[in-house]
Protein chains: 2
Amino acid sequence: MAGLREQKKAETRKAIIDSSIQLFTEKGFEKTSIEDIAKQAGIGKATVYTYFATKDDIFLTFCSEELEDAFATLQTPRKEDDRVLDQLVDFFMLKFKFVTKNSEFGRQLLREMLFPKKVNNKVKEHNQRYFDILEKLFKSAQDRGELPPAQDLFLLSVHFFSLYLGVLVGWYGGYVASLEEAEEAMRNLFGHVFMGVGL
Amino acid sequence: MAGLREQKKAETRKAIIDSSIQLFTEKGFEKTSIEDIAKQAGIGKATVYTYFATKDDIFLTFCSEELEDAFATLQTPRKEDDRVLDQLVDFFMLKFKFVTKNSEFGRQLLREMLFPKKVNNKVKEHNQRYFDILEKLFKSAQDRGELPPAQDLFLLSVHFFSLYLGVLVGWYGGYVASLEEAEEAMRNLFGHVFMGVGL
DNA sequence: TGATAAACTCGACCGCATTCGAGATTTTAA
DNA sequence: TTAAAATCTCGAATGCGGTCGAGTTTATCA
């Protein structure tokens, strides 16, 4: 029988992911040990390392599954009559709420995604999907005449993403204490970009 | 004798910091164990924890010492005839070079500073010093008429800081591969802010 | 000064991520 | 079919961050 091993491996892998999702959700990342995961998945502790290089690696896979839900929300078409500024604030506040919903979870995720130990394609794919959504949003703003057609939309995406990061850092650093403050900061910062601050 | 204990404590503390600086520099953060540090400082492992709460805490103190050097450079008066945009690029490129000089060091530092496990005053002080420099820079730009006097300078500092973060994330994510690319990205993003991208 | 309190030190210990390596299982090929 | 090669499994061992608590040193004050 050809694929016996392959099939088993796939099953075991799925068992590890499922167990991780359950335990991370129940007890959080740091409180869940590899042994817990192994036991829950019905395998030996060392076997986990055949499938995932490190605990962080499992975490990122866990996040992928979680983030799928977020995408569903993020991709629902924005209200068309909103200004692009409002759409952007909506978009990033959704991300913001998702990431900060569980503080420990968000911190871990951000550390891994933004400053990974080595360049990580899983992360790149995620970012690409976000940037695609943003570019679509900007394109339709151009069609409505809210944005000049000459803008480099990727760079613009990076710009707003950076501002979103800034607000997140403010949150984790204790400068931004509530969702309201976060939204206000975003709106002000985003405003700069459209109006410019020069003379 | 009154200050005997105080004095000893100060000496021990200094011994820990010196040992840490030496070992972190020699072998890197992750390869240096608390036991290494203790041995090098001539004390017991557990004693280290009388002076520093966690290994991360030692790391941040280590960084403070390192960052002092950076401040010396950052505070040399910018060339007065530069445009504020050039001054900003200079300023943030210096920070950028400093942080990315040693990739592992920078990653660890950024993770701790930007997404700390709990709000950290040491970090806040650092940021305050940076923001002070930036605000001074903006003020003199206002005096020269390069910036309208009504701007909220703190928010403006946050804005540029966020863009700097974005470039750093690009670096660690493998999108920005060289210092030249980093500088170009910064210049373009900073440009947005002054000109605005609206119609 | 002496004795009680306060603070400091550190070897031993704990929990956990990660690695080792010996044995079990599956594949390959004759 | 079968036996050697390749791959997979997992209990045991390792190394490290962090804590505990018993013993030691210093401070306090009658």
Side-chain angles (χ1 to χ4, degrees), chain A residues 1-17 19-20 23-24 26-63 104-105 107-109 111-112 116-118, chain B residues 1-20 22-24 26-63 104 107-109 111-112 116-118 120:
Chain A
M1 189 170 293
L4 201 159
R5 216 158 213 173
E6 290 300 316
Q7 191 185 323
K8 262 197 183 169
K9 281 191 75 167
E11 274 168 23
T12 303
R13 191 187 150 84
K14 181 146 179 21
I16 295 173
I17 295 177
S19 304
S20 302
L23 293 172
F24 286 160
E26 254 172 53
K27 320 199 297 177
F29 177 75
E30 308 207 331
K31 294 271 186 68
T32 301
S33 73
I34 296 286
E35 199 157 14
D36 291 340
I37 293 171
K39 202 173 291 173
Q40 175 84 22
I43 58 177
K45 182 178 168 178
T47 307
V48 172
Y49 286 89
T50 310
Y51 296 87
F52 298 93
T54 65
K55 197 183 175 188
D56 289 341
D57 195 23
I58 304 179
F59 180 78
L60 279 183
T61 306
F62 159 70
C63 287
E104 193 220 345
F105 161 82
R107 176 167 42 71
Q108 189 79 22
L109 176 62
R111 284 183 171 200
E112 280 305 317
K117 297 202 174 154
K118 47 191 176 335
Chain B
M1 189 170 294
L4 202 157
R5 212 157 217 175
E6 291 298 317
Q7 191 186 322
K8 263 197 184 168
K9 279 190 74 167
E11 275 168 22
T12 304
R13 192 186 150 83
K14 179 148 182 24
I16 295 173
I17 294 177
D18 289 347
S19 305
S20 303
Q22 184 189 328
L23 293 171
F24 287 161
E26 253 172 55
K27 318 199 297 177
F29 177 75
E30 307 206 332
K31 295 270 185 70
T32 301
S33 73
I34 296 283
E35 203 157 12
D36 290 339
I37 294 172
K39 202 173 291 174
Q40 174 85 18
I43 59 177
K45 178 180 169 179
T47 306
V48 172
Y49 287 89
T50 310
Y51 296 87
F52 298 92
T54 64
K55 196 183 177 187
D56 290 339
D57 196 21
I58 304 179
F59 181 78
L60 280 183
T61 305
F62 159 69
C63 289
E104 195 221 344
R107 175 167 43 71
Q108 190 77 23
L109 176 61
R111 284 182 172 200
E112 278 306 317
K117 298 203 174 153
K118 47 187 177 336
N120 185 316

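Below, chain A is the first sequence line, B the second, and so on; all start at residue 1. Side chains included, hydrogens not; waters and symmetry mates left out as well; all remaining heavy atoms used.
- Residue B:Lys9 places at least one side-chain N or O under 4.0 Å from the OP1 or OP2 atom of C:dC8.
- A salt bridge (Lys or Arg N to Asp or Glu O under 4.0 Å) check over residues 38-59 of chain A, counting only residues at least two apart or in different chains, returns the pairs A:Asp57-A:Lys122.
- C:dT9 atom C1' lies 18 Å from atom CZ of B:Arg13, rounded to whole Å.
- For residues 34-54 of chain A, no pair satisfies ring pair (Phe, Tyr, Trp, His ring centres under 6.0 Å), with sequence neighbours left out.
- Residue B:Thr50 places none of its side-chain N or O atoms closer than 4.0 Å to OP1 or OP2 of C:dC8.
- Judged as a salt bridge (charged side-chain N to carboxylate O under 4.0 Å, His left out), and not counting sequence neighbours, B:Arg107 has no contacts.
- Using a 4.0 Å cut-off, some side-chain N or O of B:Lys8 falls inside it from OP1 or OP2 of D:dT26.
- Distance, B:Ile43 CD1 to D:dT25 P: 17 Å, rounded to whole Å.
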Atom pairs under 3.5 Å: protein N/O with N/O of nucleotides 16-20 of chain D:
from, atom 1, to, atom 2, distance (Å)
D:dG17, OP1, B:Thr32, O, 3.4
D:dG17, OP1, B:Lys55, NZ, 2.7
D:dG17, OP2, B:Ile34, N, 2.9
D:dG17, N7, B:Lys45, NZ, 3.1
D:dG18, OP2, B:Tyr49, OH, 3.3
D:dG18, OP2, B:Lys55, N, 2.8
D:dG18, O6, B:Lys45, NZ, 2.8

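- Residues satisfying the salt bridge (charged side-chain N to carboxylate O under 4.0 Å, His left out) test with A:Lys31, not counting sequence neighbours, are none.
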Verdict with reasoning, B:Thr61 to B:Arg13, per side-chain contact (heavy atoms from CB on, under 4.5 Å): CA-CA 11 Å; B:Thr61 305; B:Arg13 192 186 150 83; 4.2 Å; yes
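- The nearest whole Å value for the distance from the CD atom in A:Gln7 to the P atom in C:dT27 is 11 Å.
- Considering only side-chain N and O atoms, B:Tyr51 lies under 4.0 angstrom from the phosphate OP1 or OP2 of C:dT9.
- Look at CD on A:Glu11: it is 12 Å from P on D:dT9, rounded to the nearest Å.
- Remark: B:Lys117 pairs with no residue by the salt bridge (charged side-chain N to carboxylate O under 4.0 Å, His left out) rule, at least two apart or across chains.
- Using a 4.0 Å heavy-atom distance criterion, B:Phe52 is classed as making no nucleic acid contact.
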